[in-house]
Protein chains: 2
Amino acid sequence: MPPHQQPPGSQGSEGSRSRATRAETGQASTVSPLTVNRLSVYLRSLRQLREQGIEKVSSQQLARRFNLSSTQIRKDLALFGEFGTRGVGYDVLELAEHLEKLLALGRVHRLAIVGMGNVGTALARFPAFNSGSFQVVAGFDNDPSKIGRRIGPIVVRPTSELVTSIRESGAKIAILAVPADAAPAALDALHRAGVRAVLNFAPVTLPSTSRCRIKNVDLRIHLEELSFFLDHPE
Amino acid sequence: MPPHQQPPGSQGSEGSRSRATRAETGQASTVSPLTVNRLSVYLRSLRQLREQGIEKVSSQQLARRFNLSSTQIRKDLALFGEFGTRGVGYDVLELAEHLEKLLALGRVHRLAIVGMGNVGTALARFPAFNSGSFQVVAGFDNDPSKIGRRIGPIVVRPTSELVTSIRESGAKIAILAVPADAAPAALDALHRAGVRAVLNFAPVTLPSTSRCRIKNVDLRIHLEELSFFLDHPE
DNA sequence: TCATGTGAAGCAGTTCACAGCG
DNA sequence: CGCTGTGAACTGCTTCACATGA
């Protein structure tokens with residue numbers, strides 16, 4: 001994944017003998033996005049094991065089953081506490097719950113989508129964005145022919161209503177799926193609407209601020225990466 | 001996502017200047033995906049400058065304008081040759097062309113999409129996947145109600161025809177947009193169809209091989225990353 | 001005994017600082 | 001002079017190796 005932004009760092013996190021972990025002291029992020037992404041992968045894997053009725057798993061079993069590194073699993077988890085039992089491994093159900101809590105998936109995050117083109121429309125209907133901890137509650141576009149149309153769980157509203165509508169909805173996460181040249185203005189509106197995190201599909205690298213974290217996802221770049229490695233094999 | 005891959009390779013490309021660079025010596029990839037992704041970003045930026053009629057640019061101007069690091073731009077480019085003029089900077093048009101060549105964007109890559117659900121459908125219609133160097137030429141699904149339907153540039157075909165159809169089309173890149181449990185079988189079929197690169201949207205981490213490079217993109221994980229940092233600010 | 005949790009080592013990616021050249 | 005290109009320093013991520021404890 002291409003990490004376009006870097007996380008800020010401030011706190012030293014010495015791993016000392018006591019039970020004082022990051023989670024318990026209340027101190028937050030010297031945690032890198034890479035680690036956080038892996039936590040999601042671990043959770044995804046544990047959910048699969050849970051569905052299969054598997055109750056215990058060691059880091060090595062997880063690693064083999066899901067193409068991961070057992071050391072890295074343990075190191076990543078160690079940032080947040082001690083979740084395993086020596087000589088045994090991890091309790092699948094319990095660790096999954098810990099990860100859900102860590103990733104703040106215990107509550108519902110309302111999502112607003114800006115730009116109801118191909119991508120915006122697909123994401124409005126996308127199950128992963130409309131289940132569990134996520135729920136699409138608003139969608140915006142400038143195109144008059146789209147206003148008022150029902151797409152997935154929402155009815156498209158004009159961008160002029162974006163700020164007030166998002167304020168009312170309480171959505172703190174937005175998906176930005178507008179053309180590149182419209183992105184800066186849209187982002188500015190999202191700031192004013194109180195949005196704190198943005199998943200940006202517009203082909204521009206928008207900078208994170210302390211007030212609003214941005215994750216840039218450019219699908220064309222992914223294709224170009226594959227194109228490069230096709231011509232520069234191995 | 002653990003990127004383990006590094007071995008050498010061979011690629012011939014005529015050099016342009018004095019010193020022996022990777023491109024000239026014929027050796028290929030010790031190049032990291034991170035670097036390649038940045039090349040795409042540089043190209044995207046240069047195209048924007050080109051449209052504005054700007055002819056020369058220094059690494060520092062690029063960096064300021066597009067939130068990049070000037071040193072990193074120079075280091076990244078240095079892997080492939082010497083494209084700038086000391087005391088001046090880079091020729092926008094020329095550098096863009098070099099990057100297009102490096103990223104193998106000088107020819108059309110035909111794409112096959114497996115799974116015409118929300119994501120597959122959106123990508124079939126997605127401009128970035130149907131312009132310039134990319135072109136969607138086939139789409140597959142198991143759902144009988146979808147077979148025969150025209151979506152964007154393609155007509156949906158049954159998955160049973162996947163191998164022969166992709167072979168005929170000559171597509172070497174596939175987009176995998178099926179449910180997680182269907183992904184392994186679909187990938188196997190893609191291997192048999194001669195596909196060399198896969199953009200995987202299924203929520204499983206599929207491993208790359210030397211025969212077929214895989215780029216895993218899990219949109220839910222992106223959301224979960226934002227969710228985490230929402231609750232663990234700064 | 002077995003697998004976790006963790007300092008220490010190793011490696012990759014980024015930034016610094018400046019030599020070299022137009 | 002200014003900007004590129006680049007060894008050297010640095011930061012941070014990953015892997016190793018083993019002490020620790022159920």
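Chain letters run A, B, ... following the sequence lines, proteins first and then strands; every chain starts at 1.
Each of A:T71 and A:V88 lies near DNA chain D, and the nucleotide nearest A:T71 is the one positioned closer to the 5' end. The nearest heavy atom of DNA chain C to B:S32 and to A:Y90 marks one nucleotide each, and the one closer to the 5' end goes with A:Y90. Mapping B:K75 and A:T85 onto DNA chain C by nearest heavy atom places A:T85 closer to the 5' end of the strand.
With the end axes of the helix from C:dT1-D:dA22 to C:dG22-D:dC1 each set by five pairs, the angle from one to the other reads 10° at 10° resolution.
The phosphate of C:dT15 has neither OP1 nor OP2 within less than 4.0 Å of any side-chain N or O from B:R74. When the side-chain nitrogen and oxygen atoms of B:S69 are compared with OP1 and OP2 of C:dT15, one or more of them lie within a distance under 4.0 Å. Dashed line: the shortest gap from a side-chain N or O of B:R86 to OP1 or OP2 of C:dA19 is not under 4.0 Å.
Using a 3.5 Å distance cut-off with no hydrogens or angles, the side chains of A:H109 and B:S227 do pair a donor with an acceptor. Side chains of B:Q60 and B:S70: no donor on one and acceptor on the other come within 3.5 Å.
Using a 4.0 Å heavy-atom cutoff across all strands shown, B:T35 reaches no nucleic acid atom at all. A:S70 comes within 4.0 angstrom of nothing in the nucleic acid, heavy atoms only.
Atom CD1 of B:I73 is separated from atom P of C:dT15 by 11 Å (rounded to the nearest Å). Between B:Q72 atom CD and D:dG7 atom P the separation is 17 Å, expressed in whole Å. The separation between B:D76 atom CG and D:dT6 atom P is 13 Å, rounded to whole Å. If you measure from atom CG of A:L62 to atom C1' of C:dA3, you get 13 Å, rounded to the nearest angstrom. We find that CD of B:Q60 is positioned 12 Å from P of C:dC16, with the value rounded to whole Å. Summarising the geometry, the separation between CZ on B:F83 and P on C:dG22 is reported as 17 Å, rounded to the nearest angstrom. The separation between B:E94 atom CD and D:dT4 atom P is 13 Å, rounded to whole Å. Between the NZ atom of B:K56 and the P atom of D:dG2 there is a distance of 18 Å, rounded to whole Å.
With A:S59 as the partner, the side chain to side chain donor-acceptor pair (under 3.5 Å) test is satisfied by one option alone out of A:Q72, A:R74, A:K75: A:R74.
When atom types are taken as modelled, the side chain of B:S45 and the backbone of B:V41 share a donor-acceptor pair closer than 3.5 angstrom. Between the side chain of B:S208 and the backbone N or O of B:R213, no donor-acceptor pair lies under 3.5 Å. Side chain of A:Q61 to main chain of A:S58: a donor-acceptor pair is present (N/O by atom type, distance under 3.5 Å, no hydrogens or angles).
Under the 4.0 Å criterion applied to side-chain N and carboxylate O atoms, A:R196 and B:D231 are not assigned as salt-bridge partners.
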